**Q** 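My questions all concern the structure below.
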4 protein chains.
Amino acid sequence: MRLSLVASTDPADYGFVHRIRTRFAETDAMGIIHHSAYVPYLEEARAELLAHGGHPYHEVRKEGVDFAVLELFVQYRLPLRFGEVVEVNVAVGRITRATFQVAYLLRVGDETRCTAVTVHGAVDAAGRATPLPPWLAAAAGPDRS
Amino acid sequence: MRLSLVASTDPADYGFVHRIRTRFAETDAMGIIHHSAYVPYLEEARAELLAHGGHPYHEVRKEGVDFAVLELFVQYRLPLRFGEVVEVNVAVGRITRATFQVAYLLRVGDETRCTAVTVHGAVDAAGRATPLPPWLAAAAGPDRS
Amino acid sequence: MRLSLVASTDPADYGFVHRIRTRFAETDAMGIIHHSAYVPYLEEARAELLAHGGHPYHEVRKEGVDFAVLELFVQYRLPLRFGEVVEVNVAVGRITRATFQVAYLLRVGDETRCTAVTVHGAVDAAGRATPLPPWLAAAAGPDRS
Amino acid sequence: MRLSLVASTDPADYGFVHRIRTRFAETDAMGIIHHSAYVPYLEEARAELLAHGGHPYHEVRKEGVDFAVLELFVQYRLPLRFGEVVEVNVAVGRITRATFQVAYLLRVGDETRCTAVTVHGAVDAAGRATPLPPWLAAAAGPDRS
C-alpha cells in the first residue's frame with residue numbers, strides 16, 4: 001500500500017475547491033448518487049486543479065505524460081442526492097520522484113459527505129513509470145518523502 | 001439522416017443473440033435501468049457479434065480501423081430492471097462502401113423491452129472515413145445500397 | 001415512432017444553452033468522448049432547462065411525476081474531445097397531453113458536433129402514463145398536436 | 001477508517017469467482033479500462049456471490065435492506081484492456097452486527113491486475129443502519145469482531 005495521505009474534513013486544509021452538480025444519470029435505485037459516480041467527480045476536480053495551476057491535463061498528456069491511478073480510497077460518510085451541488089476540496093501531497101497523492105473533501109453546504117485519497121504515478125505513452133514533470137515535482141512540500 | 005434500418009420486434013428477424021445481466025450501478029432513482037445504460041449494451045452485443053464472426057473488435061482496431069458511431073436511435077418500450085437478463089438480438093444491414101447499420105431487439109423472456117438502430121462508419125486512426133474491411137463488405141445482403 | 005422534431009443546427013432556433021466540460025472518464029480508446037457519454041449531457045442540459053424555468057427536476061419528482069425517456073435519436077457529426085467545453089442548446093417542442101420532445105444542438109465554439117432529439121412521457125410513481133404538469137403543458141407552442 | 005480486510009493475491013484465499021468481459025465503453029483515452037469502471041465490476045461480482053448463496057440482491061432489497069457502501073479501497077496493479085475476460089475472485093470477511101467487508105482479486109489468466117476491499121453497512125429503506133440479515137450474519141467466520 002502506497003496510500004499514506006489522510007483526507008482532512010476541514011476545508012481549511014485544502015487550497016482548491018471545484019463545484020459539481022450531481023446528475024440524474026448518476027443516481028441509483030436507492031435514490032442516491034451511486035458510489036461509482038464519485039470516482040469521476042474526484043478526477044474532474046483533480047483536472048480542474050491542474051488546469052488552475054496552468055497545466056491542463058489534456059496538455060500534460062500531449063507532452064507524453066499520463067498520471068495513472070495506482071490506488072483509490074473513498075469513505076462515503078453521507079449520501080449525495082440528485083440536484084445537489086458538491087464542493088470538492090482538493091489538495092496534493094506526498095510527492096515522490098514518480099508518484100503523488102491527492103486528498104479530497106466533498107461537502108454540500110457545511111456537511112461532510114465524503115473524503116477520499118488517490119495515489120498517482122507518472123507514466124509515459126507506453127505505460128512505463130517516468131519522473132513527474134518538473135512543475136509538479138516543484139510543488140513538493142514538507143511531507144515530500 | 002442516414003438511419004434507414006427498422007428494428008423488428010420479431011426475434012426470428014435476427015441471426016445473433018447476446019445475453020447481458022443488468023447491473024445495480026446502471027439503475028437510477030426511478031428504480032429502473034437508466035436510459036443511458038442501454039447504449040453500452042448495444043455496443044457489447046455488437047462486439048460479441050463481430051467476435052462470433054471471427055473478427056473481435058480489439059483485433060479490428062489493431063488493423064487500424066475503427067467503427068465510429070454516426071447515428072443512434074433507441075425506442076424504450078418497457079423498463080429494464082436490476083437483476084434481469086436481457087437477450088440482445090442483433091442484425092447487420094444496409095451496408096454501403098463505408099457505412100453499415102445494426103438493428104437491435106432487447107427482450108426479457110418473451111417481452112419486448114427496447115429496439116434500437118445504430119449507424120456506423122469505418123474510420124482510420126486519424127478519424128477519416130475509410131472503406132469497410134472486405135469481410136464486412138462481403139456480408140452485404142439484398143438491401144446493399 | 002413518436003419522434004418527429006428535427007434538431008436544427010442553428011443556435012438561434014434554441015432558447016436555452018447549458019455548458020458542460022467533458023470529463024476524462026468519458027473518453028474512450030479512440031481518444032474521443034464515447035458516444036454513450038452524450039446521453040447524460042442531454043439529460044443534464046434538459047434538467048438545467050427545467051430548473052431555469054422554475055421547475056427543478058428533483059422537485060418535479062417530489063410531486064410524483066417522472067419524465068420517462070421514450071425515444072432517443074443522436075447524430076454524431078464531429079467528435080468531442082477531453083477538456084472541451086460543450087455548449088448544449090436545448091428547445092422543447094411537440095407537446096401533447098402526456099408527451100413532449102426536446103431538441104439539442106451541441107457546439108464547441110462555432111462548430112456543430114452533435115444534434116439530438118429525445119421524446120418523453122410523464123409517468124406517475126408506478127410508471128403509468130399521466131398528464132403533463134400544467135406548467136409544462138402551458139409551454140405548448142404552435143406545433144402542439 | 002473501518003476497512004481492515006486485506007485482499008490476498010492468491011486465488012486460493014477466495015471461495016467464489018465471477019467472470020466479466022471488459023466493454024469498449026469502459027476504455028479511456030489512455031487505451032485501457034478507466035479506473036472508475038472497476039467499481040461496477042466489484043459490485044457485479046458481489047451481487048453474483050449473493051445470488052450464488054441463494055440471496056439475489058434484488059430480493060434482499062425487496063425485504064427492505066440495502067447494503068450501503070461505506071468504504072472502498074482499490075489497488076490498480078496492471079491495466080485491464082478492452083476485450084479481456086477478468087476473473088473477479090470474491091470473499092466476505094470481518095462481519096459485525098451491522099457491517100461486513102468484501103475482498104476482491106482481479107486476474108486475467110494468471111496475472112494479478114487489481115485487488116480491492118469494500119466495506120458495507122446494512123441500511124433500511126430510510127437509510128438508517130439496521131442489523132445484517134441473519135443469513136449474512138451466520139456467514140461470520142473466525143475473524144468476526
Side-chain angles (χ1 to χ4, degrees), chain C residues 19-45 57-59 61-66 68-69 71-86 88 104 106 108-109 111 113-114 116 118 123-128, chain D residues 19-45 57-59 61-66 68-69 71-86 88 104 106 108-109 111 113-114 116 118 123-128:
Chain C
R19 280 165 192 79
I20 296 176
R21 185 179 291 276
T22 59
R23 293 174 174 173
F24 187 73
E26 295 162 348
T27 60
D28 66 22
M30 291 172 66
I32 59 179
I33 300 301
H34 190 263
H35 65 284
S36 65
Y38 290 56
V39 185
Y41 293 176
L42 307 181
E43 182 183 72
E44 179 174 321
Y57 188 49
H58 58 274
E59 293 189 3
R61 298 191 72 238
K62 278 182 196 160
E63 294 162 14
V65 178
D66 264 311
V69 178
E71 297 186 1
L72 165 70
F73 178 51
V74 188
Q75 291 179 286
Y76 303 90
R77 294 158 185 269
L78 283 174
L80 291 172
R81 297 183 184 282
F82 170 56
E84 289 184 332
V85 175
V86 189
V88 186
Y104 311 83
L106 281 68
V108 176
E111 202 168 53
R113 299 293 178 88
C114 177
T118 51
V123 293
D124 63 19
R128 283 179 302 246
Chain D
R19 280 165 192 77
I20 297 176
R21 185 178 290 277
T22 59
R23 294 175 173 171
F24 187 73
E26 295 161 348
T27 59
D28 66 22
M30 291 172 66
I32 58 177
I33 300 301
H34 190 262
H35 65 284
S36 64
Y38 291 54
V39 186
Y41 292 176
L42 306 182
E43 182 183 72
E44 178 175 320
Y57 188 49
H58 59 275
E59 293 189 5
R61 297 192 71 239
K62 278 182 196 161
E63 294 162 14
V65 177
D66 264 312
V69 178
E71 297 186 1
L72 165 71
F73 178 52
V74 188
Q75 291 179 286
Y76 303 91
R77 293 159 186 267
L78 283 174
L80 290 173
R81 296 183 185 282
F82 169 56
E84 289 183 331
V85 175
V86 189
V88 186
Y104 311 83
L106 281 68
V108 176
E111 202 168 54
R113 299 294 177 88
C114 176
T118 51
V123 293
D124 63 19
R128 283 178 303 246

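Since this is a predicted model, take the numbers as computed values, not measurements. Within every chain, numbering begins at 1; the chains are lettered A, B, ... in the order of the sequence lines, protein sequences first and strands thereafter.
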**Q** Enter the distance from C/R23:CZ to D/H34:NE2 here, rounded to the nearest 0.5 Å.
**A**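 It comes to 10.0 Å.
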**Q** Do you know the tightest heavy-atom contact between C/A29 and D/G31?
**A** CB-CA, 4.0 Å
**Q** Go through D/I32, D/D28, D/T27 and name the one with the most non-hydrogen pairs under 4.5 angstrom from chain C.
**A** D/D28
